[in-house]
2 protein chains.
Amino acid sequence: MTVLRSALKSAPASTAGELPATSRGATRDKVDAAVRAGLQTGRFVPGKSVTIRGLAAELGVSPMPVREVLQRLAAENALEVKPNGRVQVPDMTPDRFEEVLKARLLLEPELAEFALAHLSPAHARELEAIDDEIDRCIITGDAEAYMRLNHAFHFLIYRASASRVLLPLIESLWLQFAPFMRTVYGRVGTAILEDRHKEAIRAVELQDATALRAAIHADIAEGMGLLGKEILSA
Amino acid sequence: MTVLRSALKSAPASTAGELPATSRGATRDKVDAAVRAGLQTGRFVPGKSVTIRGLAAELGVSPMPVREVLQRLAAENALEVKPNGRVQVPDMTPDRFEEVLKARLLLEPELAEFALAHLSPAHARELEAIDDEIDRCIITGDAEAYMRLNHAFHFLIYRASASRVLLPLIESLWLQFAPFMRTVYGRVGTAILEDRHKEAIRAVELQDATALRAAIHADIAEGMGLLGKEILSA
DNA sequence: GGTGTCGATTTGTGATCACAAAATGGCATG
DNA sequence: CATGCCATTTTGTGATCACAAATCGACACC
């Protein structure tokens with residue numbers, strides 16, 4: 001039996017040609033990264049139902065790691081398990097949107113200020129590079145790249161805090177509103193986008209906590225407030 | 001094969017005598033509830049390693065639902081998956097403690113105020129009943145019951161908000177500090193405990209948002225601030 | 001007596017399977 | 001032509017298995 005199973009297992013592995021680098025939990029990490037990226041970039045749209053077998057086949061893995069990843073993301077409220085067990089990307093509602101906005105305004109300026117002491121001039125230059133790319137994406141209308149870069153900008157700041165509590169909470173929030181924002185950008189385009197990134201960068205350079213808080217707060221309030229009105233018309 | 005497996009499956013079921021009521025995901029829910037309760041009541045202590053097979057055997061289920069539950073709780077930062085895949089209850093550090101405290105002070109007064117409009121005089125009476133029991137627990141020194149009731153008190157308020165965003169974040173926070181608090185109570189006893197529950201109840205009765213915020217804020221700051229110093233001596 | 005090494009055991013991981021519930025679709029009936 | 005019903009398919013769930021990595025323990029060697 002053992003030999004037989006080994007033969008079956010090595011067969012698809014040889015076709016894929018990726019025998020090595022199978023460290024602990026590699027498959028699960030791969031699936032996790034794929035789904036998270038899909039949520040952030042809009043591959044998964046609110047209301048879209050995600051099936052275990054479907055994702056497993058798409059990624060060329062067994063249903064097992066997919067099940068665990070879906071459970072994880074459901075626990076983070078990035079996905080929703082319906083009473084019949086089906087998993088889907090939650091729809092956005094006005095109430096939910098307002099709550100996410102409120103939570104972001106409470107937590108993100110706080111963590112940004114906490115991270116400020118760990119942000120060097122080198123970080124400021126990295127932020128500028130990202131922001132330049134963001135400006136390009138707004139012009140070209142590349143909503144997917146915009147979302148990826150905007151995420152990179154904010155989390156370059158937040159991650160500097162080395163937080164193990166606030167940071168996961170904020171990541172959960174981003175996963176909750178990202179799919180919805182993606183659909184909004186798809187509808188209204190990216191031309192109207194404005195941000196307070198340059199103010200934030202200046203605050204980092206000057207190590208000005210108050211200014212950084214204000215920049216992050218305004219960036220969130222304006223960015224989400226601007227597009228939040230869209231959900232009333234939908 | 002099918003018949004053979006059915007025989008194998010029905011055998012242990014008949015010994016346990018619980019054929020019915022096997023609705024969707026019942027086993028997983030049972031495991032989930034068991035582990036959550038264990039974390040809240042101190043059955044699981046920081047540093048304690050939790051094994052899949054161990055828990056599965058203890059609860060009389062297969063390793064499968066346990067794996068998913070552990071993944072979920074790890075996603076909520078209630079458990080920690082070490083690089084070798086082992087799962088354990090995270091240790092508390094001064095940094096982590098301070099961050100949890102900060103996050104609670106930001107989120108819980110906010111959600112309490114948001115819930116206030118949904119809190120009726122009947123709720124106030126429920127809160128009073130819980131608080132009476134809490135006072136008894138403080139006297140008798142029943143730390144486990146105290147923690148369960150304190151959780152019930154706060155979440156009776158928070159749950160009234162019908163929040164789908166802030167509430168899960170706060171639940172995650174409680175799961176993070178509960179195991180640690182349990183060990184602290186075990187060391188210093190419950191006699192020194194004080195709370196602002198009566199102020200909170202009065203605020204609910206009067207529908208006074210400012211007073212409720214203040215009561216919740218003070219309850220958290222004093223309750224955790226009082227015991228947080230313990231981690232410096234450990 | 002301390003230490004390194006090798007074997008046995010424990011444990012997480014990924015895969016496959018059998019089953020039940022739900023969803024889907026076609027078909028017959030009103 | 002609409003509608004209710006039934007067979008088929010899809011899908012989630014729980015269980016078991018084979019394997020690999022890690023941990024633990026004993027024994028020999030220095």
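In the text below, chain A, chain B and the rest are named by the order of the sequence lines, each starting its count at 1. Only heavy atoms go into these numbers, but all of them, side chains included; no hydrogens, no water, no symmetry mates.
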Gap between atoms [atom1] and [atom2], on [X] and [N] respectively (whole Å):
X       : N      : atom1 : atom2 : answer
B/Leu70 : C/dT13 : CG    : C1'   : 14 Å
A/Ile52 : D/dG12 : CD1   : C1'   : 5 Å
B/Lys82 : C/dT13 : NZ    : P     : 14 Å
B/Asp29 : D/dG12 : CG    : P     : 16 Å
B/Gln71 : C/dG12 : CD    : P     : 11 Å
B/Gln88 : D/dA22 : CD    : P     : 16 Å

- Message: Taking the nucleotide of DNA chain D with the nearest heavy atom to each, does B/Met64 or A/Arg53 sit closer to the 5' end?
- Response: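 Mapping each residue to its closest nucleotide by heavy atoms, the 5'-most match is A/Arg53.
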
- Message: Please determine whether any donor N or O and acceptor N or O are separated by less than 3.5 Å between the side chain of B/Arg67 and the base of C/dG14.
- Response: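 Between C/dG14 and B/Arg67, which were checked side chain against base, a qualifying N/O pair under 3.5 Å is present.
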
- Shortest side-chain distance from B/Pro65, nucleotide among D/dG14, C/dG12, C/dA22: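 The closest nucleotide is D/dG14.
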
- Query: Does B/Arg43 pair with B/Glu58 as a salt bridge, N-O distance under 4.0 Å?
  - Reply: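 A salt bridge links B/Arg43 with B/Glu58.
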
- Message: Closest-nucleotide mapping onto DNA chain C: is B/Arg86 or A/Glu68 further toward the 5' terminus? I mean the 5' end.
- Response: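 Final value for this comparison: B/Arg86.
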
Does a side-chain N or O from [X] land closer than 4.0 Å to OP1 or OP2 of [N], or not?
X       : N      : result
A/Asn84 : C/dA23 : yes
A/Arg28 : C/dT13 : yes
B/Thr27 : D/dG14 : yes
A/Ser62 : C/dA15 : yes

- Decide yes or no for A/Tyr158 and A/Leu107: does some side-chain heavy atom of the first lie under 4.5 Å from some side-chain heavy atom of the second?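 They are not in contact (no side-chain heavy atoms under 4.5 Å apart), so the answer is no.
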
- Message: Contact between A/Leu166 and A/Phe114 at the side-chain level, heavy atoms closer than 4.5 Å - yes or no?
- Response: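 Answer no - side chains too far apart.
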
- If you look at every strand shown and take non-hydrogen atoms under 4.0 Å, does A/Val31 touch a base, only sugar-phosphate, or nothing?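 Answer is nothing: A/Val31 stays at 4.0 Å or more from every strand.
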
- Message: Heavy atoms only, 4.0 Å cut-off, all strands: where does B/Val50 land among base, sugar-phosphate and nothing?
- Response: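 Sugar-phosphate contact only - B/Val50 comes under 4.0 Å of backbone atoms but never of a base.
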
- Taking the six-membered ring for Trp and the single ring otherwise, decide whether the centroids of B/Phe177 and B/Phe97 are under 6.0 Å apart.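 No, too far apart.
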
- Query: Quick one: CZ on B/Arg67 to CD on A/Glu68, what's the gap to the nearest 0.5 Å?
  - Reply: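 With rounding to 0.5 Å, CZ (B/Arg67) is 4.5 Å from CD (A/Glu68).
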
